Structure formats: structure tokens, C-alpha cells
Engineer: 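Please read through the structure below; I'll follow up with questions.
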Amino acid sequence: MQNDNSALAAPHSKRAGFDFAHWWDKVGILLVLVVLVVLMAMFAPNFNRVDNLLNIARAISINAVLAAGMTFVILTGGIDLSVGSTVAVSGVVAVVVAMAGVPAPFAILAGVLVGAACGLVNGALSAYLGLAPFIVTLGTMTFLRGLAYTMTAGQPIVSSDLSFRVIGNGYLLGIPVPVYFMVVVYLVGWFLLERTIYGRHVYAVGGNAQAARLAGVKVKRITTSVYIIAGICAGLAGMIFAARVISAQPTAGTGYELDAIAAVVLGGTSLAGGRGRLFGTLIGSVILGVLGTGLILLNVPFFTQLLIKGIVIIFAVAIDGLKSRPNLFRRRGDTA
Amino acid sequence: MSAPVLQLEDVSKRYGATLALDHVHFDLHAGEVHALMGENGAGKSTLMKILAGNIDADTGRILMDGAEVTVNGPADAARLGIAIIHQELNTVPAMTVAENLALGKEPRTRFGALDRARMVADAKEKLARINSTIDPNQPLGTLSVGMQQMVEIARAVSENAKVLVLDEPTAALSRSEAQQLYRLIADMRQRGVGMIYISHRMEEVWLLADRITVFRDGRYVGTGQTADLTEADVVRMMVGREIGALYSHGPRSAGAPVLQTHGLAGNGIGPVDLTVHAGEVVCLAGLIGSGRTELARLIFGADPRHSGRVTIRGKDTTPRDPVDAIHDGIGMVPEDRKGQGLFLDHAVSRNIAISSLAKLSTAGVIHQDAEKVAVLEQMAHLKLRASAIDLPARALSGGNQQKTALARWLLRDCDVLILDEPTRGVDIGAKREIYELIDALARAGTAILVISSDLPEAIGISDRLLVMREGRIVAELQSGDASEENVMLHATGSKLHTV
């Protein structure tokens with residue numbers, strides 16, 4: 001096979017067993033990120049300034065934390081649409097509690113616990129009543145949003161001297177505090193998934209729930225737990241959000257669940273469950289963040305930004321889908 | 001003899017570094033049953049995929065009635081009169097039998113709506129052609145695997161197939177269903193249909209096939225008239241070496257009772273009382289639907305129990321769920337290896353380790369090195385290539401998948417092992433290894449309960465047979481005294497039954 005008519009030739013020697021799926025799993029999504037960063041650095045003014053990069057890091061932290069929890073849920077083959085609403089409810093609770101004079105750490109704890117409780121409800125309804133998670137969390141998404149409006153009477157509660165505002169706006173050693181939260185969430189999440197029995201069980205439930213049960217995995221308990229983890233992450237994200245805007249916003253987190261799902265899927269985790277990596281989710285989150293910030297720097301109108309974001313998501317998922325059809329990268333009847 | 005209805009010449013297919021088919025040839029005459037035999041990985045499935053148009057061959061050509069044809073997809077295959085009854089059925093469980101039979105060719109009324117009455121009538125007629133009395137309005141998923149297969153065959157017959165490929169058609173059939181299939185095959189032979197018959201079961205190949213072709217490692221080994229060949233000849237061709245008597249095992253001595261059920265009922269079966277002793281292999285025999293799998297799942301806590309108890313060494317261990325059963329020392333390899341046994345997308349190592357993680361970890365954190373060592377030890381024990389450790393289970397052959405499922409419980413070191421159809425879809429070499437393993441485990445004191453629909457196997461590998469019928473144990477036979485006829489007599493409950 002000569003290279004001069006390479007337009008028709010497959011990109012690589014098929015006879016050497018070039019394995020697109022394997023290759024894409026290893027480096028595909030990182031490559032997308034690298035290309036994106038290079039393009040932005042070349043064309044977007046001020047993109048590669050340190051303060052801009054730190055801003056991006058801070059901007060993605062909320063979505064990244066939500067997406068980490070979402071990864072656990074999706075790995076079991078579930079979905080959680082309620083995390084955006086949980087951001088609002090937990091933020092409202094934490095701000096109200098803090099305004100009542102409770103010390104900041106306990107206010108934060110209260111917010112996170114509210115998130116965990118929301119997750120427990122989602123998980124228990126899905127696992128023990130056998131309801132479809134899509135429907136359950138669609139229901140709780142609406143309910144919790146209603147709850148956030150009810151608690152605030154529909155108005156933001158501003159608390160300009162909010163005790164825990166540092167976790168949204170502060171810096172530690174020159175790095176925004178939310179970034180530390182994000183890093184810790186990912187380290188803990190990675191450890192759970194890759195190094196513990198619990199993580200193996202999460203993958204097992206998503207890989208084949210029946211087989212998991214017959215192998216001695218407590219499927220219902222694991223299923224419930226991943227929603228609790230998603231709830232805790234949503235609670236943390238709610239704290240960061242409330243601290244950023246130093247107020248309790250009933251509209252906080254609207255649509256965030258979809259960005260989180262997009263990050264997970266961009267990161268290569270299968271919506272069918274059982275396959276994926278938390279690290280991929282982080283990259284997915286960063287891609288969305290870089291894209292968002294870069295397009296703003298490029299003065300791309302907001303409407304166009306949405307168009308581009310949508311195309312990127314579909315492109316990434318399409319590439320992912322091609323992995324299972326390697327024939328598309330080989331010519332039919334590859335005869336000598 | 002007439003010209004071959006089908007000829008495959010010089011067919012090769014390469015997957016990456018593996019040559020799945022190496023310039024093989026095969027031919028089939030009208031009205032002939034031609035058995036294609038070989039171990040898993042011999043290339044049979046690849047050849048069938050090429051014939052079905054699912055994949056392209058790298059070299060070679062396909063001729064039908066002497067003229068070269070191209071098969072570029074299932075639709076082409078159907079048009080040419082090639083029908084394939086797959087090992088894994090291609091049906092829609094939630095739809096009715098009639099809907100499945102009409103799939104893609106639904107009859108329409110004048111107004112373009114679905115003509116349900118005609119669809120049902122058509123289905124009845126198609127089923128009648130294979131002498132089946134299945135109700136066309138039943139959802140397919142509620143039928144046994146054997147019945148579902150009948151529906152698939154009815155479809156192929158209705159499409160006037162000239163070439164019918166039967167890929168392990170009796171693997172999931174009860175004896176009487178298999179008999180029905182044999183009659184159907186005889187009938188189709190009369191009509192001039194050429195049939196490629198893929199099977200690991202020697203006795204039925206000799207019963208049905210006119211000729212036998214053997215493949216090994218993607219290569220054509222030879223073809224002969226069935227009448228001129230012995231089983232030993234074919235086995236030698238398949239494995240390239242002699243294999244000792246398939247089921248032979250030395251004398252075993254049963255120890256104290258280990259697993260006992262006391263009036264165990266639920267899941268539509270029982271009450272059942274049974275005992276399996278240490279070092280004993282007990283086989284549950286019976287027809288499909290006699291409740292053997294259901295009993296196994298009750299013992300394992302996988303289905304809700306209505307009444308009764310399970311004890312292990314006299315201690316009440318009645319499980320609420322599989323977690324309990326595993327905790328009490330029971331392991332079960334389910335019948336549906338892919339659906340219930342394995343995590344097909346996950347690495348072999350993870351499949352093996354999943355039930356033993358507690359002993360490979362501290363405070364929930366897995367010792368990865370210890371895990372790898374333990375898994376490799378079991379893989380070596382079962383003659384699984386160490387290089388397979390990180391492969392997804394999906395990539396393994398049937399035999400190696402089954403070994404992976406077994407390795408899980410070997411690593412766990414169970415007192416009681418329940419094996420539901422442990423050699424289904426497994427090639428003869430791996431079968432022999434699994435039998436040796438069962439024997440070795442029994443000798444080491446494990447109490448083993450096997451379910452097998454393969455009667456020679458059931459009798460050959462066990463010490464005792466418990467025959468089930470309609471959810472109860474109706475007979476207990478010492479394997480040494482049991483004959484296939486005797487077992488069938490009890491299994492069917494008919495004194496008039498002839499085998």
C-alpha cells in the first residue's frame with residue numbers, strides 16, 4: 001500500500017492490528033483537550049495567562065465536582081437528573097443555617113448532609129422500589145427545585161458577610177479554594193473506584209447486575225450508595241456556588257445536571273454502565289470549561305457558543321460509539 | 001450425486017494477528033446433513049458469519065448451485081436461501097411468537113395498518129409446518145429456550161431456505177425437544193434442504209449427519225462419510241491428539257453430609273429434600289423445565305423461598321440472598337454464563353476476583369499484588385493463558401469463559417459448588433479439563449451438585465443422580481447402575497417412553 005493515494009487508504013496499517021478502540025481509550029479524549037488548548041492559546045487573546053487559567057480552573061470546579069458524583073451513578077448504569085436542584089437546596093440550607101449563627105464548618109456540613117439525604121431518597125427509590133432512575137430523579141429534580149423556591153419565597157437570600165464565602169472566592173497559595181475541593185473529590189473518588197472493594201462492586205453492578213448479585217455483591221446497597229455520593233458531591237457544589245455568589249439562590253444549579261452528564265460522557269464513560277474512568281470525567285469537565293472560557297475570550301456570541309458546545313459533545317460521543325464498530329476504520333474485503 | 005448446492009472455496013479471514021480461517025473449503029449437497037466439527041476457535045463460527053454475510057472473507061469465494069454469489073449482509077443471505085439458526089437466538093423476547101415470525105415482513109391491511117389476524121394465522125401455519133403447537137399469541141420470552149429455537153426454525157423453514165445452518169441447535173433442548181428437532185431435520189432432508197450441522201455432541205452427529213468435516217485452528221483437516229468414521233477418529237482430528245475416555249474418573253468416597261435441603265420449596269418447585277456429601281458429585285437430571293435450575297437458585301438464595309431450610313454440615317444456613325449463601329460456603333456457576341455469570345466487558349482478573357475481594361484486602365482496600373498473584377494461580381490451575389488476565393471476558397472462547405466462571409469459586413474455596421450446565425457450548429478439550437477439575441475438587445472434599453442435560457455426561461461424571469420432574473425429585477440412582485433409558489423413564493414419568 002503506497003502512501004501517495006492515502007486519501008483512500010486507512011490511516012494506519014490494518015494488518016499490524018491497529019486497534020482504534022484501544023488507542024482512543026488511552027489517549028483520545030486527552031488529545032481532544034490538547035488540540036483545544038493549543039487552538040485557544042493560538043487564537044484566544046489572553047488565554048494562556050496564569051490568571052485566566054486559574055479562572056478556568058475555578059470555573060470548572062463546580063461542574064467537575066458534580067460530574068465526579070455523576071460518574072459513580074452512571075458507572076452503575078443509572079442517571080441522576082436531580083443534582084442541579086440539589087445544588088440549590090443544599091446552598092439555601094447552608095446559607096440559612098450560617099445566617100442563624102452556626103459556625104461555618106457546621107453550616108457546610110449541614111449543606112452536604114442535605115445533599116446526601118437527597119441522594120439517599122433517589123437511591124432508595126431506584127434500588128429498593130425498582131423504579132427507573134431517570135424518572136425518579138426527574139421527579140426529585142422538580143420537587144427539590146420547588147423546595148428551593150419555597151424555602152426562599154422565590155427570592156435570593158443575600159448574606160454579604162457569609163461565613164463560608166472563602167470556599168467560593170478565596171485563594172490558598174495563589175490557587176482558588178474551589179480547585180482544592182475539586183482535587184480532593186477526584187483523589188478520593190479515584191481511590192474508591194480503583195483501589196477498594198466498593199469500587200469493584202460499583203463497576204460490577206453496572207457491568208452486569210444479575211451476575212453481580214450471584215457473585216455476592218449487595219446490588220441494592222451499592223445502587224443506593226452511588227446516589228448518596230452524587231448527592232454529597234451536589235451538596236459540595238452547592239456550597240461552592242453559594243459561597244461564590246454569597247447568597248442562597250433558588251435558581252442555583254439550573255441545568256448543571258446536563259453539563260455534568262456531558263462531562264462524564266465526554267470522558268468516555270458508557271451510559272450503559274460498567275465501563276469508564278473517573279479521570280476521563282475530569283478531562284471532560286476541563287474540555288467543557290476550556291471551550292466555554294475560550295469562546296468568551298474569542299468574543300463568540302453566546303448563542304453560537306451553545307451551537308459549538310453541542311457539536312463537540314455529539315462529536316465526542318460519536319467517536320466513542322465508533323469504538324464498537326472498528327470495521328468503519330477498515331476497508332471491506334481487505335485483500336492483497 | 002447432484003452438484004453441490006453450496007461450495008466455499010479457499011476462504012481465509014484474518015483478525016489482527018490471528019488467522020481465523022486459513023484457506024479452508026467446504027461443500028454441501030441438497031438434502032444432505034453435513035456436520036462441521038472442531039473445537040472452539042477452530043473457525044466454525046467465522047465461516048458461518050461469512051456465510052451469513054455478517055463479515056467479509058479476505059480471500060475465497062462462495063458458490064451456490066455452481067454460480068459465484070456475494071453475500072453482503074443478512075438480507076442477501078435470506079434472498080439466496082441461506083438461513084442460520086444461531087446459538088444465541090435472534091428474537092425479541094417481549095413480542096409474541098407471531099410478531100417475531102412476521103418481523104420485518106408484517107402483513108398489512110388495505111389501509112396500511114397491521115393485519116393482526118393474518119399475522120397470527122400465518123404464524124399458526126408456519127408452526128404447523130414443523131409440527132409445533134406453540135401458541136402464536138404467547139410472548140416469546142415466556143417460552144423455554146428450546147421452544148424459542150423451534151420458532152426460529154419455523155421462520156427459516158417458512159422462508160424456503162435451501163441451506164440451513166444449525167449452530168449447536170440442541171445445546172439448550174430437552175430430550176423430547178431434541179427428538180422433535182431430529183424428526184424435523186429428517187423432514188427437511190426429504191425436501192432437499194442442505195443442512196450444515198454444528199455440534200459438540202458426538203452421538204447426535206452420528207445419528208444425523210451424512211458427512212463430517214473437521215476444522216482445527218482455522219484450518220481444514222478433513223472430510224469423511226460418517227459411516228466410515230469413528231468418534232475416536234473425529235476427536236483425534238479435532239484435537240490433533242488422543243483424548244482419554246471422556247468421563248473417566250477414579251473411585252471416589254463420599255464423606256459426611258455437607259449440603260442438605262429440608263422441604264425446600266418456592267420458585268414453583270418443591271418440597272425438595274436432598275443431601276450432597278463431602279467429596280461427592282451429585283447430578284440433577286431431568287427435562288428442561290423440570291425445576292433443576294430453579295432448585296439450584298433456591299439453594300443459592302437467588303430466588304424467594306416459600307418454605308423449608310438449607311443446612312450445611314447440620315447447621316442451619318438457609319440463605320436470604322446469594323450474599324448469605326456465599327458467606328456459608330456455597331458457590332454457583334449459573335446456566336446462563338454470559339447473562340448471569342460473567343462481566344463480559346471486564347477483565348478476566350476482575351471476573352475471577354470479584355467474590356474473594358474480602359480476603360484480598362484490608363479495611364476495604366484491595367492489595368493489588370496479592371490479587372494478581374491469587375488470580376494467576378487459579379488461571380494456571382485451570383490452564384488459562386496468563387496473558388489473558390487483562391482481556392475482557394468477552395474475548396475468550398466459551399470454554400475459557402467457563403473456566404473463568406469456575407475460577408471465581410476456586411479462588412473463594414467453597415465447601416459446596418453448584419454447577420448449572422458447566423459444559424454447555426464448551427469444546428471437547430475444555431470439557432475434559434472441566435471434568436478433571438470436578439473430579440479433583442470432589443477428591444479434595446468439595447460437595448458438588450451438577451445440573452446437566454447431556455445424559456452421558458450426567459451419568460459419566462457423577463456418583464449419584466437425582467432425577468427431577470415437575471419440580472420434585474422423583475428418583476435417586478447410583479450412577480454406576482444408571483442407564484440413559486432408565487433416567488429418561490423417570491424424567492418423563494412415562495413407562496411407554498422410548499428413547
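In the text below, chain A, chain B and the rest are named by the order of the sequence lines, each starting its count at 1. In this text the structure is predicted, and so the values were computed from the model without any measurement.
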Engineer: Do any of residues 291-299 of chain B have a heavy atom less than 4.5 Å from a heavy atom of chain A, and if so, which, in residue order?
Structural biologist: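 Near chain A, by residue number: B:Arg297.
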
Engineer: Taking side-chain hydrogen bond (donor to acceptor under 3.5 Å, both in side chains) as the test, write out the residues that go with B:Asn267, two or more places apart.
Structural biologist: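 side-chain hydrogen bond (donor to acceptor under 3.5 Å, both in side chains) check on B:Asn267 returns B:Asp303.
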
Engineer: Apply side-chain contact (heavy atoms from CB on, under 4.5 Å) to residues A:Gln210 and B:Asp336 and explain how you reach the verdict.
Structural biologist: CA-CA 10 Å; A:Gln210 281 207 65; B:Asp336 181 359; over 6 Å; no

Engineer: Can you name the residues of residues 407-418 of chain B that have some heavy atom under 4.5 Å away from a heavy atom in chain A?
Structural biologist: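 The residues closer than 4.5 Å to chain A, in numerical order, are B:Arg408, B:Trp409.
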
Engineer: Which atoms form the tightest heavy-atom contact between A:Gly216 and B:Val323, and what is the distance?
Structural biologist: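 It is O-CG2, 3.5 Å.
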
Engineer: Decide if atom CZ of A:Phe279 counts as having more than 12 heavy atoms of other residues, nucleotides or ligands within a radius under 6.0 Å.
Structural biologist: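 Incorrect, the count does not exceed 12.
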
Engineer: What's the shortest heavy-atom distance between A:Ile197 and B:Ser361, and which atoms?
Structural biologist: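 Taking every non-hydrogen atom into account, CD1-OG, 3.1 Å.
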
Engineer: Identify the heavy atoms of A:Tyr203 and B:His346 that sit nearest to each other, and give their distance.
Structural biologist: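 Between these two residues, the closest heavy atoms are O-CE1, 3.0 Å.
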
Engineer: Under the rule for side-chain hydrogen bond (donor to acceptor under 3.5 Å, both in side chains), what residues qualify as partners of A:Ser285, not counting sequence neighbours?
Structural biologist: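 Result, side-chain hydrogen bond (donor to acceptor under 3.5 Å, both in side chains) vs A:Ser285: A:Asn63.
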
Engineer: For the CZ atom of A:Arg200 and the CG atom of B:Leu357, what is their distance to the nearest 0.5 Å?
Structural biologist: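 Rounded to the nearest 0.5 Å, the CZ-CG separation comes to 6.0 Å.
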
Engineer: Please look at A:Ala212 and chain B and tell me whether the side chain, the backbone, both or neither of the residue comes under 4.5 angstrom of a heavy atom of that chain.
Structural biologist: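 Looking at A:Ala212, backbone and side chain both touch chain B.
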
Engineer: Shortest non-hydrogen contact from B:Leu342 to A:Ala211?
Structural biologist: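 Distance-wise, the nearest heavy atoms are O-CB, 3.9 Å.
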
Engineer: May I ask you to check whether over 12 heavy atoms, not counting those of B:Lys372, lie within 6.0 Å of atom NZ?
Structural biologist: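 12 or below, so no.
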
Engineer: Decide yes or no on side-chain hydrogen bond (donor to acceptor under 3.5 Å, both in side chains) for B:Gln340 and A:Arg213, but give the supporting numbers first.
Structural biologist: CA-CA 9 Å; B:Gln340 301 181 350; A:Arg213 180 164 175 265; over 6 Å; no

Engineer: Could you check whether atom OH of A:Tyr128 has more than 12 heavy atoms from other residues, nucleotides or ligands sitting under 6.0 Å from it?
Structural biologist: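 More than 12 heavy atoms, drawn from other residues, nucleotides or ligands, come within 6.0 Å of this atom.
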
Engineer: Out of A:Val217, A:Leu192, A:Asn208, which one racks up the most heavy-atom pairs below 4.5 Å with chain B?
Structural biologist: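 Counting heavy-atom pairs under 4.5 Å, the top option is A:Asn208.
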
Engineer: If I compare all heavy atoms of B:Ile354 with all of A:Ala215, which pair ends up nearest, and what's the gap?
Structural biologist: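 Heavy atoms only, the tightest pair is CG2-CB, 3.9 Å.
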
